[in-house]
Number of protein chains: 4
Amino acid sequence: MADKRGSRVADRTDAIMRTTLELGQEVGYAKLSIEAVAARAGAGKHTIYRRWPSKGALFLDSLLSLNEPELNYPDTGDIEADLREQIHAAVDLLSKPPLGPLYQAVLVEAQQDPQVAEALNERFIGPQEEKTIARLRKARDQGQLSSDFDLSLAMALLSGPFYFQVLIARQPLTREYVDRVIEAVFAGIGPKAPPTAGG
Amino acid sequence: MADKRGSRVADRTDAIMRTTLELGQEVGYAKLSIEAVAARAGAGKHTIYRRWPSKGALFLDSLLSLNEPELNYPDTGDIEADLREQIHAAVDLLSKPPLGPLYQAVLVEAQQDPQVAEALNERFIGPQEEKTIARLRKARDQGQLSSDFDLSLAMALLSGPFYFQVLIARQPLTREYVDRVIEAVFAGIGPKAPPTAGG
Amino acid sequence: MADKRGSRVADRTDAIMRTTLELGQEVGYAKLSIEAVAARAGAGKHTIYRRWPSKGALFLDSLLSLNEPELNYPDTGDIEADLREQIHAAVDLLSKPPLGPLYQAVLVEAQQDPQVAEALNERFIGPQEEKTIARLRKARDQGQLSSDFDLSLAMALLSGPFYFQVLIARQPLTREYVDRVIEAVFAGIGPKAPPTAGG
Amino acid sequence: MADKRGSRVADRTDAIMRTTLELGQEVGYAKLSIEAVAARAGAGKHTIYRRWPSKGALFLDSLLSLNEPELNYPDTGDIEADLREQIHAAVDLLSKPPLGPLYQAVLVEAQQDPQVAEALNERFIGPQEEKTIARLRKARDQGQLSSDFDLSLAMALLSGPFYFQVLIARQPLTREYVDRVIEAVFAGIGPKAPPTAGG
DNA sequence: TCCTAAACGAGACGGTACGTCATGTCTTGTC
DNA sequence: GACAAGACATGACGTACCGTCTCGTTTAGGA
């Protein structure tokens with residue numbers, strides 16, 4: 001954590017994580033082996049096992065070590081536009097090479113390894129959710145969202161459809177598709193009240 | 001499918017699929033090995049490889065062989081109520097033991113094995129989507145849904161949030177939560193038009 | 001045992017034993033690894049472990065598979081001359097390259113692995129002892145040995161000194177040395193009776 | 001040897017040797033690891049490697065540090081009786097617990113490590129041989145041994161059979177067996193001259 | 001009723017990776 | 001400066017499965 005950089009320990013940790021990402025991109029997570037990471041990193045297997053309990057943990061750490069350009073919410077005052085921008089950025093980052101396949105692999109691994117799932121939530125999903133909710137709360141207070149809107153549903157409603165599209169339907173996510181979904185989520189799928197004089 | 005019952009081939013196929021489900025429930029998909037299935041089923045490994053190209057394919061076939069109680073859309077005339085009922089049923093079936101963990105494992109495998117992904121879509125996700133869209137189209141025609149509603153977004157909007165909650169956030173899906181999500185999807189999260197005289 | 005030659009099993013067994021001897025001669029028993037044998041023999045490690053419980057067992061089997069030129073006792077009628085010849089042959093075989101170092105390694109391993117010790121005794125030491133005793137018994141019956149001589153001590157008295165010289169004192173065994181020992185064992189180290197008229 | 005007692009260096013040396021013997025008796029030499037010795041002795045591995053070049057060297061030193069009750073030859077005037085007593089003592093010490101297994105392990109290690117072999121000969125076998133030969137020379141001079149007897153064969157003839165019995169045949173050494181061997185070595189196995197009047 | 005060809009169980013096989021252990025060298029910080 | 005603690009690269013261990021490949025042995029069906 002607070003390793004003095006330059007220390008032996010931190011050096012090895014970095015080298016191993018870098019190699020993990022490299023190999024991960026080359027052969028995919030499924031075919032990634034600790035054996036191979038150790039060999040290419042010029043590290044002993046034990047040095048890896050000393051730090052990470054499983055391939056999944058190593059891989060997650062490696063990914064998070066990238067400190068990917070923080071997905072920070074813009075705030076232009078227009079919540080729908082801001083959401084669009086934010087989600088476009090997230091989709092670009094997380095569903096496309098080079099990071100996309102790796103991120104999806106982490107999601108997969110999280111299904112099988114509770115430790116990975118927990119770490120993923122604590123270190124990535126959770127923080128993203130906090131930011132999202134903060135931005136949405138402000139928008140709701142400004143009357144840009146329905147006052148009924150339960151913020152705890154935000155991630156499910158706004159991210160769920162995209163995860164579905166990628167993970168389940170396995171369709172590419174175009175910007176146009178993203179925009180249509182956002183629009184539908186804002187408008188709701190229920191019948192529209194006829195336009196009023198004041199609308 | 002159309003195996004003459006009583007034939008040796010069908011017998012072996014059934015025994016292997018049954019054993020697969022059994023073992024899958026005992027040790028989980030990740031730790032399931034073809035070796036172990038063969039041993040417990042009293043089958044030769046070759047007999048398994050002759051039929052299925054991969055563990056994922058075997059597992060998916062085994063699951064689908066259950067012919068789970070068809071998730072058929074009710075049609076009471078009230079689309080929101082029907083959706084609620086339908087989704088409650090699906091959630092009960094697919095997110096809870098005994099089938100839930102197995103289904104999630106198939107989803108995971110589909111991420112890694114395109115053949116499984118394709119088969120899953122063709123034989124399960126696709127048909128479900130068709131039924132959903134058919135029911136929603138009828139509702140839209142009856143004015144129970146926004147006439148703007150793009151039906152091709154239906155699965156993403158209505159299933160996505162639940163997949164997210166289970167696969168990503170890893171939270172249990174309560175009926176109450178399901179209802180709140182459905183309500184929000186119908187209402188939309190955007191600001192509400194003020195009630196009109198005609199509303 | 002009675003493997004049909006040409007069978008897959010016997011082929012592999014032979015190849016592995018041959019490679020073991022080869023490698024054993026190259027790097028010595030201590031540095032011999034099952035890993036390396038498998039690699040060079042083009043065999044899976046499991047194939048080795050399936051047959052032999054330990055490195056020592058494999059090595060002993062490999063050695064014995066040589067069916068070294070049977071150390072059969074000559075019988076010229078002169079027991080001392082026959083013993084000399086027999087022991088010279090044994091010493092040449094078992095204390096000199098190429099077999100010597102390997103045989104000594106087996107002796108060492110037998111100290112550490114009871115299974116190896118037992119097999120060595122059953123398959124090599126024991127049979128040699130039987131032959132030795134048979135020849136000595138005949139000689140004793142013919143009056144060429146002391147009628148007091150306890151045959152069960154034969155191996156200890158006649159082999160022990162040479163094993164000592166090689167294993168403990170670590171001195172080379174010259175023919176001349178062998179002859180001197182044999183002479184001393186025949187004569188005894190006790191004081192001699194003065195020669196008699198009839199002597 | 002002449003370590004100032006009380007010095008840190010000697011303290012550590014002693015602790016390590018004591019632990020080595022302890023562990024050696026518990027798990028046997030083969031499974032003894034420097035790692036384990038260091039851990040149990042509360043010593044750094046480096047501290048061990050600084051003093052001993054190999055496991056064998058450490059082990060031999062540890063054994064010799066016991067200063068086992070010197071095997072000194074008695075001299076009652078009767079060489080055969082003295083030899084019996086001396087060999088009984090040696091057999092008791094070196095072939096039975098607690099020291100026996102450790103001594104045998106050193107013999108084994110000497111086969112594999114020339115440094116150990118040399119040290120063993122210089123510090124144990126050699127001195128024993130000197131004492132033995134000195135005693136035998138005296139006896140020969142007194143006419144208690146054959147004047148032909150080549151003293152350089154002494155150890156081989158008198159120790160060899162016992163080492164054989166323990167290391168090769170792996171039989172226990174009873175006192176009765178020891179006596180029979182000694183008798184045979186004195187008498188020789190060759191045919192006896194018929195008793196003479198003067199005999 | 002026999003014959004033949006496929007399916008089958010059993011499991012050997014060459015591989016790859018696993019996670020563990022011990023080696024001997026090295027670095028760090030304490031006493 | 002000796003030390004404990006332990007990180008490190010290396011290399012072997014013995015195990016587990018993989019997917020392919022013989023083996024004989026059922027087991028049907030057609031001759």
Side-chain angles (χ1 to χ4, degrees), chain A residues 4 6-13 15-16 31-39 41-55, chain B residues 4 6-13 15-16 31-39 41-55, chain C residues 4 6-13 15-16 30-39 41-55, chain D residues 7-13 15-16 30-39 41-55:
Chain A
K4 268 183 302 183
S7 81
R8 198 160 45 140
V9 168
D11 278 1
R12 300 285 68 207
T13 302
I16 291 165
K31 291 191 179 173
L32 185 66
S33 75
I34 289 188
E35 197 102 11
V37 171
K45 281 162 62 174
H46 193 49
T47 303
I48 299 182
Y49 283 112
R50 197 180 298 130
R51 290 169 169 67
W52 295 277
S54 66
K55 185 171 81 159
Chain B
K4 269 182 300 185
S7 80
R8 194 158 48 136
V9 168
D11 278 1
R12 298 288 68 207
T13 302
I16 290 165
K31 291 191 179 173
L32 185 68
S33 73
I34 289 187
E35 199 98 14
V37 171
K45 284 162 63 176
H46 203 50
T47 305
I48 297 183
Y49 283 109
R50 198 180 295 126
R51 289 167 169 70
W52 295 278
S54 67
K55 184 171 83 160
Chain C
K4 269 183 301 184
S7 80
R8 197 163 40 142
V9 168
D11 278 1
R12 298 286 71 207
T13 302
I16 290 165
K31 291 192 180 172
L32 185 67
S33 75
I34 290 187
E35 198 103 11
V37 171
K45 281 161 63 174
H46 193 49
T47 304
I48 298 183
Y49 284 110
R50 208 192 329 262
R51 289 168 171 68
W52 295 277
S54 66
K55 186 172 81 159
Chain D
S7 79
R8 195 155 47 140
V9 168
D11 277 1
R12 298 286 69 207
T13 302
I16 290 164
K31 291 192 179 171
L32 184 68
S33 73
I34 289 188
E35 199 97 12
V37 171
K45 283 161 63 176
H46 202 49
T47 305
I48 298 182
Y49 282 110
R50 198 180 297 128
R51 288 169 171 69
W52 295 277
S54 67
K55 185 171 81 158

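A, B, ... follow the sequence lines: proteins, then strands. Residue 1 opens every chain.
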Measure the distance from [atom1] on [X] to [atom2] on [N] and round it to the nearest whole Å.
{"X": "Ile48(B)", "N": "dT20(F)", "atom1": "CD1", "atom2": "P", "answer": "13 Å"}
{"X": "His46(A)", "N": "dT25(E)", "atom1": "NE2", "atom2": "C1'", "answer": "15 Å"}
{"X": "Glu35(D)", "N": "dC8(F)", "atom1": "CD", "atom2": "C1'", "answer": "12 Å"}
{"X": "Arg12(B)", "N": "dT26(F)", "atom1": "CZ", "atom2": "C1'", "answer": "12 Å"}
{"X": "Lys55(A)", "N": "dC18(E)", "atom1": "NZ", "atom2": "P", "answer": "7 Å"}
{"X": "Trp52(B)", "N": "dC18(F)", "atom1": "CH2", "atom2": "C1'", "answer": "18 Å"}

Q) For Ser54(C), what residues pass the side-chain hydrogen bond (donor to acceptor under 3.5 Å, both in side chains) criterion, not counting sequence neighbours? A) Asp113(C)

**Q.** For Lys45(A), side-chain hydrogen bond (donor to acceptor under 3.5 Å, both in side chains) partners two or more places apart
**A.** Glu35(A)

If you check the [X] side chain, which of [options] turns out closest?
{"X": "Arg51(D)", "options": "dC26(E), dT15(F), dC3(F)", "value": "dC3(F)"}
{"X": "Lys45(A)", "options": "dG19(E), dG19(F), dG14(E)", "value": "dG19(E)"}
{"X": "Tyr49(D)", "options": "dC21(F), dT23(E), dC13(F)", "value": "dT23(E)"}

Q: Check Arg12(A) against Ala41(A) and note the closest heavy-atom contact, atom names and distance.
A: NH1-O, 3.7 Å

**Q.** Partner residues of Ala36(B) under the side chain to side chain contact (heavy atoms under 4.5 Å, CB included) criterion, sequence neighbours left out
**A.** Leu23(B), Ser33(B)

Q: Could you pull out all residues at least two apart from Ala39(D) that satisfy side chain to side chain contact (heavy atoms under 4.5 Å, CB included)?
A: none

Using only side-chain N and O atoms of [X], determine if any of them is under 4.0 Å from OP1 or OP2 of [N].
{"X": "Thr47(B)", "N": "dA7(E)", "answer": "no"}
{"X": "Ser33(C)", "N": "dG11(F)", "answer": "no"}
{"X": "Arg50(A)", "N": "dA7(F)", "answer": "yes"}

**Q.** Sugar-phosphate, base or nothing in reach of Ala43(A), heavy atoms under 4.0 Å
**A.** sugar-phosphate

Q. Nearest nucleotide by nearest heavy atom, which residue falls closer to the 5' end of DNA chain F, Ile34(B) or Gly44(D)?
A. Gly44(D)

(Q) On DNA chain F, compare the nucleotides closest to Pro53(C) and Ser54(B); which residue's is nearer the 5' end? (A) Pro53(C)

Q. Which dot-bracket string describes DNA chain E (Watson-Crick N1-N3 plus N6-O4 or O6-N4, or G-U N1-O2 and O6-N3, all under 3.5 Å; [ ] crossing; | other strand)?
A. |||||||||||||||||||||||||||||||

Q: Measure the OG1-CZ distance between Thr13(B) and Arg50(B) for me, rounded to the nearest 0.5 Å.
A: 10.0 Å

Q.
Any non-hydrogen side-chain atom of Trp52(C) less than 4.5 Å from a side-chain atom of Ile34(C)?
A. no

